[in-house]
Amino acid sequence: MRSNQHIKACVLVAAMAITRLCVAADLSGDWVGQLTGPFDSQYTAQYNHVTLKAAGAKLSGAWGAYTLAGTVAGAKVDITLTDGSGKPAGTLTGAMTGDTFAGTGSVVPARRAGGGGGMGPAQPPSDVTWKLTRAAAPPASPKTYNFEPNVAYGTYSAAEPPNLHIFPGDTVNTRTMDQARDTNIIRHGTGGDANIGPFYIEGALPGDTLVVHLIKLRTNKPIGRQGSRFNQYAVTPAYNLAAEYDPNFDGNWVQDPDKGIATLPPSPGLPHLTIPMKPMLGCISVAPPGEEQWGGTDLGVFGGNMDYNGNAQGTTLYFPVFHPGALLGMGDAHGAMGDGEVVGTGLETSVDVTFSVDVIKGYATPQVRAETADYLISFGVSGSVPESIQLATTQLAEWVKHDYKLNDSEVALLFGDVLKYDITELVDPHFNVVAKVPKSVLATLNK
């Protein structure tokens with residue numbers, strides 16, 4: 001007769017075997033992969049979407065652009081990676097602790113897809129440490145959040161902690177900050193253009209594109225404050241020297257969102273000036289690359305103070321993602337503004353905002369893009385207007401070539417007849433030019 005100890009040992013062995021099988025089966029699903037090593041880029045860590053499929057002790061799936069194969073023995077895991085041509089791209093060895101795998105290995109970092117570029121080896125294999133963590137599970141159905149901001153940031157940086165975590169498909173109702181009048185919101189950072197957020201979008205990783213749908217923008221202050229002196233970049237030095245500005249001129253517009261108009265207090269030359277309102281976000285951004293930190297008035301590939309009056313209700317924006325969660329922020333609302341922000345302001349105010357988000361995985365737009373009911377839009381941010389024109393045109397050409405399968409001759413001819421430009425930003429540390437092509441013309445093409 002078997003002893004009780006022997007029976008207990010057999011039961012324990014069987015339980016361990018069952019547990020190992022269950023662990024292997026439970027590995028199937030979406031994960032986030034992190035590789036840390038001396039990569040040939042500004043990043044010390046690379047993040048990828050990882051999909052695992054477990055069949056007994058065997059693993060298969062994808063690690064970013066690479067094909068994944070591996071084995072699991074208890075808590076130990078071995079993984080091999082191959083590129084699109086079937087060549088070895090890396091080996092990883094590690095162990096599972098709780099719901100996380102971690103270990104060491106050697107990997108060829110992959111180039112990001114996007115902007116018309118392809119994937120391919122970036123450099124020889126690098127020694128890495130690695131980690132796999134479960135991707136956050138989205139809710140059964142999208143959620144709507146009512147977010148009341150209590151802090152705003154005057155810088156763009158990944159160091160700013162997120163104030164709300166949301167998933168693709170979720171909707172947020174919130175409001176921007178009017179830095180002169182919203183004294184109940186704590187302000188971090190000096191300078192202009194404080195932004196609310198950041199909003200952490202679950203599932204957004206570097207190499208993805210964040211999609212932001214501006215569903216509603218409505219001013220919530222009765223007055224929009226506007227400057228009445230030209231910025232130096234908008235007119236000639238001679239004009240600036242000769243200009244005799246009225247120090248008492250009243251640039252406080254009365255905003256009527258119900259009627260959609262703003263009215264200026266009467267002056268001798270402008271006794272009854274009324275303009276249509278078009279509320280817009282002067283600033284909207286993701287966190288900039290690496291450890292970069294930019295002031296609130298600046299702009300770049302991450303967005304920021306783009307001051308495009310087309311960033312209004314109904315516009316969809318596309319941002320390259322540089323950090324997990326993207327870290328979306330927004331602010332610097334205007335009730336209306338002409339092209340270029342030539343006096344350094346629009347109708348400065350704050351707005352109630354409703355927006356939703358999506359993520360395009362594995363494809364990164366090189367700079368910010370946008371889409372309205374009428375146009376595909378590309379932003380070009382640089383140190384000069386001519387270079388900004390080149391960047392905006394190039395990105396838009398790559399976008400149209402990719403989506404509509406045109407060759408270079410075809411896209412050049414198309415742009416030669418229908419392309420439009422808007423100069424959106426003249427007064428801040430960088431210039432911004434928008435290139436756009438009518439969707440009515442694109443609708444006649446084969447997408």
Side-chain angles (χ1 to χ4, degrees), residues 2-37 39 45-113 119-121 124-140 167-168 202-208 324 359 361-363:
R2 295 180 178 179
S3 66
N4 288 338
Q5 288 81 3
H6 182 77
I7 293 172
K8 289 179 179 179
C10 292
V11 170
L12 180 60
V13 170
M16 290 175 63
I18 293 171
T19 299
R20 288 178 180 178
L21 289 174
C22 291
V23 167
D26 289 342
L27 298 182
S28 296
D30 295 328
W31 295 71
V32 175
Q34 178 181 341
L35 300 172
T36 303
F39 298 142
Q46 289 191 353
Y47 297 86
N48 293 98
H49 298 283
V50 177
T51 302
L52 294 182
K53 182 178 180 181
K58 293 185 180 294
L59 292 176
S60 61
W63 187 302
Y66 292 147
T67 299
L68 176 153
T71 59
V72 178
K76 185 175 181 294
V77 63
D78 292 291
I79 292 172
T80 60
L81 304 174
T82 55
D83 65 18
S85 64
K87 295 179 180 179
T91 58
L92 304 172
T93 299
M96 188 173 193
T97 302
D99 210 20
T100 300
F101 278 109
T104 59
S106 177
V107 174
V108 177
R111 299 186 191 277
R112 301 292 186 187
M119 300 291 291
S126 298
D127 291 335
V128 299
T129 59
W130 64 276
K131 182 186 292 186
L132 273 178
T133 54
R134 293 275 188 180
F167 282 89
E202 298 286 358
L205 293 178
D208 295 340
V359 174
K361 295 183 178 181
Y363 182 88

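If you're wondering where the values come from, they're calculated on a predicted model, not measured in any experiment.
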*asked:* If you apply the rule side chain to side chain contact (heavy atoms under 4.5 Å, CB included), what do you find for L81 with V108, and how did you get there?
replied: CA-CA 9 Å; L81 304 174; V108 177; over 6 Å; no
Using side-chain contact (heavy atoms from CB on, under 4.5 Å) as the criterion, list what pairs up with [X], not counting sequence neighbours.
X    : value
T100 : K131, T133
A69  : T80
T67  : T82

Grab the two heavy atoms, one from [X] and one from [Y], that are nearest each other, plus how far apart they are.
X    : Y    : value
A204 : V359 : CB-CG2, 3.9 Å
A75  : F101 : O-CE2, 3.8 Å
G203 : K361 : O-CE, 4.2 Å
F167 : P139 : CD1-CD, 3.6 Å
L68  : A62  : CB-N, 3.9 Å
P206 : P324 : CD-N, 3.8 Å

*asked:* Go through it in stages, so that I can follow the logic: the residues are W63 and L35, the test is side chain to side chain contact (heavy atoms under 4.5 Å, CB included), and I'd like the CA-CA distance, side-chain angles, deciding distance and then a yes or no.
replied: CA-CA 11 Å; W63 187 302; L35 300 172; 3.7 Å; yes
*side chain to side chain donor-acceptor pair (under 3.5 Å) with S85: which residues, sequence neighbours excluded?*
D83
*Partners of D78 by side chain to side chain donor-acceptor pair (under 3.5 Å), sequence neighbours excluded?*
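D78: side chain to side chain donor-acceptor pair (under 3.5 Å) contacts with K76, T93.
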_Sequence-distant partners of D99, salt bridge (charged side-chain N to carboxylate O under 4.0 Å, His left out), two or more places apart_ =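 Only R134 meet the salt bridge (charged side-chain N to carboxylate O under 4.0 Å, His left out) criterion with D99.
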*asked:* Given W31, which partner from the list V50, N48, T51 fulfils the side-chain contact (heavy atoms from CB on, under 4.5 Å) test?
replied: V50
*Check whether any side-chain heavy atom of W130 sits under 4.5 Å from a side-chain heavy atom of V107, and report yes or no.*
no
*Derivation and outcome, side chain to side chain contact (heavy atoms under 4.5 Å, CB included), residues L52 and S28*: CA-CA 5 Å; L52 294 182; S28 296; 5.8 Å; no
*Rounded distance [0.5 Å steps], NZ in K53 versus CG in L59*: 12.0 Å
_Expected output: side-chain D208 to main-chain G362 donor-acceptor under 3.5 Å_ = yes
*asked:* For a side chain to side chain contact (heavy atoms under 4.5 Å, CB included) check, start with the C-alpha distance between M96 and V77, then their side-chain angles and the critical distance, and finish with the verdict.
replied: CA-CA 8 Å; M96 188 173 193; V77 63; over 6 Å; no
